[in-house]
Amino acid sequence: MRRISIHILLLQAVVFAVCGCKSSGHVEVNDGVITVTGDLSTVRMLYEEESYTFSFEANRKWHIEVDGEDLDVWPLSGKKGNVEVMVSAPLPEEPLSSPVELGTVTIAIDDSDVREIVQIVRLPELKRGEKSMLAYFFGRSLRYYLTQNLRDMKSAVDDFALSGNSLVVFWQESDSSASIREIYIDETSRELCEVTLESVDLPSDRLTAEMLGDNLRRMMEYAPAERYSVIFLGHSTAWLPEVNSPTQTYGLKSDSGFSLSLPLDEMITRTIGEDNVLLDISELAEGLQATDTVFDCLYFDVCFMASLEAVYELRDMASYVIASPCEIMGDGSPYKKQLRAIFEGDYRTVCDAYLDFYSDYFYKSGCLSVIDCSKLEALAGVVKRINSAPVNEDFDASAVQVYDGRDGRFFNRYAGHWFYDVEDYYSQFCADETLVSELRELLSECVTYSVHTPLFYSDYNLSFNAIERYCGITLTPDERCIPTMDEESYDRLMLEFLNPALRETSWYKATH
């Protein structure tokens, strides 16, 4: 990810040519070339900043055209080579309530159609609020639904006007670029506003913890506050391995004809996101940790994240995690009814609004849980003791409540159940009733509130599946339940293959 060097902590930006260049900042017409370092389309000067410096390279003589009474730009022309340009503007005499356009700077190759137009904008003073919300959108495959989610967030802001709080959004524009935006109510006009604060290049291969942490820090800098929460939107497989290597596969096959080939190497475990914005859950934790912030709440509008293997990885990153133990329908969360409650920390209302929405939805499938991260260590302690306790001789893993539809009827990556209800699993698994009672008590403290519809829909079996027992959080069983499974069951095949990845999770290490 490339950044622009700026004086006095100036903001970063992205440049797109009027002739339709790619986001690389490289333009070539009639043999003229301008390459802008860092890619910017808009210079966004902070309220207290007088100047901004950016760089570009030209392969021929060039000149700059300035449109703006108070803009001072130097130099205005030059020969080919690397160039640094400083843009200056006087500080405002009165406080600004919203961004103000100061003018444009156009870089042009002499005797050519090659031009780069850069807008110059002055941002209002950043005031430290009580709380800021960061909404981080992963990927584009759900763009139709994510666009509606963003629209609902705007509607919610318009309704309750944030009351001095801030909402900053990381929105993926394309496979290669994203933008950081602020949604706010103008203090003078009282109108809903959305402003692009910065453009960001996305990696061509894969997102890293460092990149995520940098993006989150930038979002927080635009909305300084005493407290923060984050909403993540997109895809997720919780802790499950994401397979990305076409070679060195290991085949699994059953008598019923099901077969699966998975690579033995280059397995990315505990994933969230998609394609080039895919992250391991441990990398997600590292990115959050890089902000040096314990968030009030991490809200996951993605599938399967109410998983002990996933949530335990994030236990030191937030006070609460709100997530679903099963798949989330494409429409995601009803933010118009939820956003204010998330800001205010009223997580019961957040869940109730979610249940109300999906109770009236065409697909009546919705599960959501509030998890107190401070209770996860104690929960791990009792689970570790259970894992050393006697096992019920008549334990049957197939009788345990699950939250996925992987039953082998359709070909998919993980045919076989992976997300088991924690309370139901250990209630049937453990022969020590005292430990089971202790587990139930800790689960009630850890999962402070949860809701569910009578059924959940799974895209893996294209069916609605009954919820008969529900504690709101899941686990993936280890190899000890394999003897209770049929020799050719999909569950057994997958557990045998993926147990090495399971054993690498922090939850497994803490409980075995």
Side-chain angles (χ1 to χ4, degrees), residues 209 232 235-243 262 267-273 278-289 298 300 302-318 320-328 367-387 397 400-404 406 413-414 416-426 429 439 442-443 446-447 450 460 471-482 491 494-512:
F232 291 104
H235 285 296
S236 171
T237 59
W239 78 271
L240 289 177
E242 175 66 30
V243 182
L262 295 175
M267 297 177 69
I268 305 168
T269 60
R270 308 179 295 285
T271 53
I272 184 171
L278 189 70
L279 277 172
D280 181 300
I281 295 299
S282 63
E283 292 176 314
L284 174 65
E286 289 178 30
L288 290 165
Q289 188 175 32
L298 301 178
F300 288 97
V302 301
C303 299
F304 298 127
M305 278 297 288
S307 153
L308 282 173
E309 289 83 7
V311 175
Y312 189 76
E313 202 80 47
L314 307 171
R315 65 195 183 280
D316 297 325
M317 307 299 109
Y320 292 92
V321 166
I322 302 179
S324 174
C326 60
E327 290 160 78
I328 288 180
C367 302
L368 202 63
S369 301
V370 181
I371 301 163
D372 184 345
C373 295
S374 69
K375 306 298 183 182
L376 288 169
E377 291 288 7
L379 186 63
V382 72
V383 170
K384 184 172 185 177
R385 288 157 57 204
I386 288 176
N387 286 333
V400 178
Q401 175 72 56
V402 294
Y403 297 111
D404 57 74
R406 299 182 174 97
R413 284 184 307 174
Y414 310 112
H417 296 300
W418 275 90
F419 298 106
Y420 290 71
D421 184 274
V422 174
E423 182 177 348
D424 193 38
Y425 178 84
Y426 282 120
F429 176 84
L439 173 74
L442 280 171
L443 276 173
C446 182
V447 183
S450 62
Y460 291 97
C471 77
I473 195 166
T474 68
L475 62 80
T476 301
D478 60 20
E479 67 275 2
R480 290 172 306 150
C481 75
I482 289 177
D491 303 64
M494 298 307 295
L495 281 177
E496 288 178 336
F497 180 74
L498 293 176
N499 251 283
L502 175 63
R503 287 194 289 268
E504 289 302 311
T505 64
S506 296
W507 173 258
Y508 186 93
K509 293 176 181 179
T511 55
H512 291 78

Side-chain (D424) to main-chain (V400) donor-acceptor, under 3.5 angstrom: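 It does not hold such a pair.
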Check: A380 main-chain N/O paired with T511 side-chain donor or acceptor under 3.5 Å: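 Answer holds: no.
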Spacing of L314 atom CG and Q289 atom CD [to the nearest 0.5 Å]: 11.0 Å
W418 backbone acceptor or donor facing T476 side chain under 3.5 Å: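 Pair found, side chain donor or acceptor close to backbone of W418.
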Parallel, tilted or perpendicular: ring planes of Y312 versus W507, cut at 30 and 60 degrees: perpendicular
Side chain S324, main chain C303, donor-acceptor under 3.5 Å: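 No, because the side chain of S324 does not come within donor-acceptor range (under 3.5 Å) of the backbone of C303.
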From CA spacing to verdict: side-chain contact (heavy atoms from CB on, under 4.5 Å), F300, I322: CA-CA 6 Å; F300 288 97; I322 302 179; over 6 Å; no
Side-chain (S450) to main-chain (G472) donor-acceptor, under 3.5 angstrom: no
Non-hydrogen atoms of D421 and C471 that approach each other most closely: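 Between these two residues, the closest heavy atoms are OD2-N, 2.7 Å.
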Any L298 side-chain heavy atom under 4.5 Å of L288 side chain: yes
Least distance between heavy atoms, C373 atom then V321 atom: SG-CG2, 3.7 Å
Distance, nearest 0.5 Å, that separates CD of E309 from OG1 of T505: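 The OG1 atom of T505 is 5.5 Å from CD of E309, to the nearest 0.5 Å.
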Least distance between heavy atoms, F304 atom then A238 atom: O-CB, 3.2 Å
Between CH2 on residue W239 and CD1 on residue I281, distance to nearest 0.5 Å: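 So the gap between those two atoms works out to 12.0 Å.
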Gap separating the OG atom of S307 from the CG atom of L475, nearest 0.5 angstrom: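 S307 OG to L475 CG: 8.0 Å, rounded to 0.5 Å.
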Criterion side-chain contact (heavy atoms from CB on, under 4.5 Å) on L502 and H512, from CA distance to verdict: CA-CA 12 Å; L502 175 63; H512 291 78; over 6 Å; no
Sub-4.5 Å side-chain heavy-atom contact between E423 and V447: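 They are not in side-chain contact.
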Side-chain touch L376/L308, heavy atoms, less than 4.5 angstrom: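 Yes - at least one pair of side-chain heavy atoms lies under 4.5 Å apart.
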Straight-line distance of F419 CZ to D404 CG, nearest 0.5 Å: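 Rounded to the nearest 0.5 Å, the CZ-CG separation comes out at 6.5 Å.
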Beyond-backbone contact of P325 with I473, side-chain heavy atoms, under 4.5 angstrom: no
Pair S282-E313, side-chain donor/acceptor within less than 3.5 Å: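 Judged by distance alone, the side chains do not pair up.
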Distance-minimising heavy-atom pair for S506 and R315: CB-NH1, 4.5 Å
Beyond-backbone contact of Y426 with V382, side-chain heavy atoms, under 4.5 angstrom: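 Result no, sub-4.5 Å side-chain heavy-atom pair not found.
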Point-to-point distance, once rounded to the nearest 0.5 Å, from NZ of K509 to NZ of K384: 13.0 Å
Min side-chain heavy-atom separation D280-E286 under 4.5 Å: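 Counting from C-beta outward, D280 and E286 never come under 4.5 Å.
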Criterion side-chain contact (heavy atoms from CB on, under 4.5 Å) on Y420 and T474, from CA distance to verdict: CA-CA 5 Å; Y420 290 71; T474 68; 5.9 Å; no
